[in-house]
Amino acid sequence: MALVETLLINVFITGALLAVVLLILVVYLFAISSNSPEDPPGPKPLPLLGNLHLLDLRQPHVSLCKLSKQYGPVFTVHFGPKKAVVLAGYKTVKQALVTLSEEFGDRDITPIFHDFNKGYGIIFSNGENWREMRRFALSNLRDFGMGKRGSEEKIIKEIQYLKERLEKFEGKPFETTLPVAMAVSNIICAIVYGSRFEYSNPQLREMIQKGYKVMKMAGSVSVQLYNMYPWLRPFVINHKRIVNSLRANFGKREEHIKSLKKTLNHQDPRGFVDSFLIRQEKAEESGETKTLFHTNNLINSVVNLFSAGTDTMTTTITWALLLMAKYSETQAKVQEEINRVIGGRQPVAEDRKNLPYTDAVIHEAQRMANIFPTNLPHKTTCDIHFNGYFIKKGTTVVTLLTTVLRDENEWETPNSFNPGHFLNKHGQFVKKDAFMPFSAGRRSCLGESLARMELFLIITSLLQHFCFMPPPGVSEDDLDLTPAVGLSLTPTPHKLCAVKRLL
Ligand code: HEM
């Protein structure tokens, strides 16, 4: 009897303890996920789930835009248990990214990216590591890529191969993504390694296809859930796939870097990797014990430059070609301007100032493409009082670039393709401050100058040589501008015809 009594008491105590622990857990989860009075407004979060019930994770920017209509330009949202502040509209985003560039300038490194980058490289690093790697990459891109004539020559050389490739389709329908991706990858290859791949090389194709898949998986719903609940890791199949793919990618880059090391000429660096290796040797020779110029930073920076510089460029150019096929009158006007100003010779960067309509069309295509609607996530570096609200140090900040590129106060027809946004009444090109596809401030796109030169030279050269049209049987109206789901907004898979023009 005494034994039964003791047993019952134990069961009761254990049950009571469990109930108390459960209660504390619920109260704790509720407390960490609920808003304090100084927080920016936002929908009430559910314990553990936060505001997940209000978010379409296949296109989070759409849900966030809806919420911004309800809660204003600064609001709080809970991605599961993770509290974030969302900023919307040109004025607010500019104030944060430009005026308070330091305060809003850290990267929020989500678990999926931390797993691979471990805080090294450029995109997913912070503090001294980020500063040093960004500075080094910028100065080297200047030497081997942007700004100097070197990059222009590299781009123009690659354009010849791209044109030949498109000619081979003889005006028949083809998917524009792969040839464009091969060309822009090769431009990065030339800058980073100092060499290019033949289009027939299966390594190039494999690198592009794997990179594309990783970007799609990184933006998938399961990976977003993993970023909110890292304990889900063993159950996220896409996580395993990304791990395997990136491991293989890192291995290939390492091999390539080793082969460059063997043939390194200190007097004549071929590209970014050579410069890094030379800097690394210098640090070793002078006994710098805490140098940041180590292999982890090299490989991660190389992977960053490829992933940031290939997918973005390919996506933007394929959007531009699709828009040209859809709006054939605009395409014809661009071609008329190119004929008149350049004729049949190869376009060069200097031509941009004499091609205002073409320049306006490229800008408008980039505005409509809106490839990073939520930007990459930022994090506050200190406590901030912002527009009457308090934002704690270390808070995730989402700057909704889509609400800048489509801000009703900044653009006459924000949701439709209108090159007039970038032209004055005399037909001259006008810059617009709300044109922010590269973001702004200290964390803004490191490759912006290179990207702008590439976009201009590639799009102008392609439109000079080809007319882009829908496949036979498909009308211009049928061309679909609905983006596919992923980390960036790409056009849904489609085919176009590139019909050679008579020059
Ligand atoms: C159309 C082409 C491109 C677009 C639209 C684009 C856009 C962006 C955006 C929105 C960011 C995030 C900025 C932020 O966090 O506030 C970014 C970052 C970055 N981009 Fe680009 N990008 C393009 C091309 C390139 C190219 C060609 C390269 C390199 C060769 C490049 C390298 C980078 C790097 C390294 C970062 C990280 C910067 C940092 O964290 O400090 N991008 N880009």
Side-chain angles (χ1 to χ4, degrees), residues 61 87 93-94 96-98 100-101 104-110 113 117 119-127 129-138 140-142 144-147 151 154-155 180-181 183-193 215 271-272 297 300-320 362-363 365-379 396-402 404-405 435-459 487-490:
H61 64 286
L87 306 180
V93 170
K94 186 187 168 201
L97 291 182
V98 181
L100 298 168
S101 189
F104 283 95
D106 258 1
R107 175 73 64 227
D108 182 40
I109 305 172
T110 46
F113 291 117
N117 291 79
Y120 295 123
I122 312 159
I123 310 183
F124 301 105
S125 77
N126 279 317
N129 194 89
W130 166 74
R131 217 181 316 275
E132 189 87 69
M133 289 305 116
R134 181 169 168 115
R135 201 184 304 136
F136 186 79
L138 261 177
N140 274 279
L141 283 190
R142 257 181 227 123
F144 297 107
M146 340 196 278
S151 60
K154 287 182 177 107
I155 299 167
V180 170
V184 297
S185 288
N186 265 342
I187 293 169
I188 298 285
C189 273
I191 292 166
V192 172
Y193 297 136
M215 287 294 275
F272 173 85
N297 261 332
N300 278 287
S301 297
V302 167
V303 169
N304 282 174
L305 291 174
F306 271 95
S307 53
T310 307
D311 191 66
T312 51
M313 291 298 308
T314 308
T315 304
T316 307
I317 295 169
T318 47
W319 271 120
I362 295 172
H363 277 74
Q366 229 189 322
R367 187 187 73 81
M368 285 302 285
N370 185 23
I371 69 170
F372 281 132
T374 55
N375 200 357
L376 295 181
H378 284 224
K379 199 171 70 174
T396 302
V397 178
V398 177
T399 47
L400 278 179
L401 290 185
T402 181
V404 181
L405 294 172
F435 178 73
M436 253 188 220
F438 298 102
S439 183
R442 75 170 195 160
R443 217 61 218 221
S444 71
C445 175
L446 178 143
E448 176 172 349
S449 310
L450 173 68
R452 285 164 52 80
M453 192 194 282
E454 274 188 62
L455 289 177
F456 174 75
L457 291 173
I458 296 177
I459 296 172
L487 200 60
S488 59
L489 295 186
T490 57

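Every heavy atom of this structure was used, including side-chain atoms; hydrogens, water molecules and symmetry mates were not. In each ligand, atom 1 is the first atom listed, and ligand 1 is the first ligand listed.
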Winner among [options] once heavy atoms are compared against [atom]:
| atom | options | value |
| --- | --- | --- |
| atom 42 (N) of ligand 1 | Ala320, Ala369, Cys445 | Cys445 |
| atom 36 (C) of ligand 1 | Leu446, Thr316, Val192 | Leu446 |
| atom 24 (C) of ligand 1 | Ile371, Leu401, Thr312 | Thr312 |

Is it the side chain, the backbone, both or neither of [X] that has a heavy atom closer than 4.0 Å to ligand 1?
| X | result |
| --- | --- |
| His378 | side chain |
| Arg443 | both |
| Leu97 | neither |

### Query
Any side-chain heavy atom of Ile458 within less than 4.5 Å of one from Ile155?
yes
### Query
Do the non-hydrogen side-chain atoms of Phe435 and His363 ever get within less than 4.5 Å of each other?
yes
### Task
Return the residue, atom name and 0.1 Å-rounded distance of the protein heavy atom closest to atom 30 (C) of ligand 1.
Ile188 CD1, 3.5 Å
### Task
Answer with yes or no whether Arg442 contacts ligand 1, where contact means a heavy atom under 4.0 Å from a ligand atom.
no
#### Entry: Atoms in ligand 1 flagged as close to Ile122, the criterion being non-hydrogen separation under 4.0 Å
40 (O)
#### Entry: Per-atom contacts of ligand 1 with Asn375, taking only distances under 4.0 Å to non-hydrogen atoms
10 (C), 12 (C), 13 (C), 14 (C), 15 (O), 16 (O)
Evaluate [X] for polar contact with ligand 1, using N/O atom pairs at a separation under 3.5 Å.
| X | result |
| --- | --- |
| Ser444 | no |
| Gln366 | no |
| Trp130 | yes |

### Parallel, tilted or perpendicular: ring planes of Phe113 versus Phe124, cut at 30 and 60 degrees
parallel
